Asks: 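Okay, here's the structure, questions in a sec.
For ligands, and for the atoms within them, numbers begin at 1 and follow the listed sequence. Bear in mind the structure is a predicted one, so any value in this text is a computation, not a measurement. If you read the sequence from its start, that first residue is 1, and numbering goes on from there.
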Amino acid sequence: MKTVKVSVVTPDGPVYDSEVEMVSVRATSGELGILPGHIPLVAPLAISAVRLKKDGKTEYIAVSGGFLEVRPDQVTILAQSAELASDIDVERALRAKERAEQRVNQQRTEHTDFRRAELALQRAINRLAVSEKKF
Ligand code: ATP
C-alpha cells in the first residue's frame, strides 16, 4: 500500500514521524483527508484531532491549531502543542477544563481574556476527546 511521510512538529521538538496510509485533519475551512500523492497545499488547522491511518489502525494526535503543509510525499503539521493520545495526562486536562470553564463564566465582559479562556477550554476538551478516542 502507498504511504506518505507525516511529521508533527512543535516548538519542543518532533512529536510524530512516520509513514502512514492516510491523514485526516480539521482545517479551519473543514475536514481534509490526505492520501499519498495529494496536491500541494497549506492550511490553518483548528484545535482538533489529527487521525493517522497506519497498518490498518488509526492513531490520534491532539493539536492546538497550527498549520498543515502537504506535498505529494510529505505532510508536515506545525503546532504550538501536539500530544499523542497515549501521552495525554487526563487529570491535567480535566483540571485545565475546570479552570477554563470558570474563567469563561466569569469573564464575559472582558473580551481578550474571554477568548483566551475559550481557547484553553477547547484545548482541554480536545485532549480529553483524543485521550478517549471519541469523535
Ligand atoms: P495547562 O493549563 O494544563 O498547561 P494548556 O492548554 O494551557 O494546559 P498548552 O499551553 O497548550 O497547555 O501546552 C503546554 C505544554 O504542555 C505543551 O507541551 C503541551 O503538549 C503540554 N500539555 C498540556 N496539557 C497536557 C495534557 N493534558 N497532557 C499532556 N501534555 C499536555
Asks: Could a heavy atom of Arg99 be found less than 4.0 Å from some atom of ligand 1?
Replies: yes
Asks: In the protein, which heavy atom is nearest to atom 18 (O) of ligand 1, and how far is it?
Replies: Asp12 OD2, 3.3 Å
Asks: Which bit of Ser64 gets closer than 4.0 Å to ligand 1, counting heavy atoms only: side chain, backbone, both or neither?
Replies: neither
Asks: Does a side-chain N-to-carboxylate-O contact under 4.0 Å join Arg115 and Glu118?
Replies: yes
Asks: Does any N or O in the side chain of Thr10 come within less than 3.5 Å of the main-chain N or O of Ala82, such that one atom is a donor and the other an acceptor?
Replies: no
Asks: Could you tell me the residue and atom name of the protein heavy atom closest to atom 17 (C) of ligand 1, and the distance to it rounded to 0.1 Å?
Replies: Ser81 CB, 3.8 Å
Asks: Between Lys2 and Glu19, does any side-chain N to carboxylate O distance fall below 4.0 Å?
Replies: no
Asks: Who's the nearest protein heavy-atom neighbour of atom 30 (N) of ligand 1, and how far?
Replies: Glu83 CG, 3.8 Å
Asks: Roughly how far apart are Leu32 CG and His38 NE2, rounded to 0.5 Å?
Replies: 6.5 Å
Asks: Do Leu45 and Ile77 come close enough that some side-chain heavy atom pair is under 4.5 Å?
Replies: yes
Asks: Of the listed options (Val90, Asn126, Leu94, Asp89), which comes nearest to atom 28 (N) of ligand 1 when hydrogens are ignored and any heavy atom counts?
Replies: Asp89
Asks: For atom 13 (O) of ligand 1, grab the closest protein heavy atom and report residue, atom and distance to one decimal in Å.
Replies: Arg127 NH2, 3.8 Å
Asks: Residue-level breakdown please: for Asp87 versus ligand 1, do any non-hydrogen atoms fall below 4.0 Å on the side chain, on the backbone, on both, or on neither?
Replies: backbone
Asks: Does any part of the side chain of Leu121, heavy atoms only, come nearer than 4.5 Å to the side chain of Lys97, both counted from C-beta?
Replies: yes
Asks: Taking the minimum heavy-atom distance to atom 15 (C) of ligand 1, which of Gln122, Gln80, Arg92, Glu91 ranks first?
Replies: Arg92
Asks: Is the closest side-chain heavy-atom distance between Ser48 and Val63 below 4.5 Å?
Replies: yes
Asks: Right, does atom 10 (O) of ligand 1 have protein non-hydrogen atoms nearer than 4.0 Å?
Replies: no
Asks: Please report which non-hydrogen protein atom sits nearest to atom 7 (O) of ligand 1, along with the residue it belongs to and the distance in Å to one decimal place.
Replies: Arg123 NH2, 3.2 Å
Asks: Salt bridge or not for Arg127 and Asp89, using N-O below 4.0 Å?
Replies: no
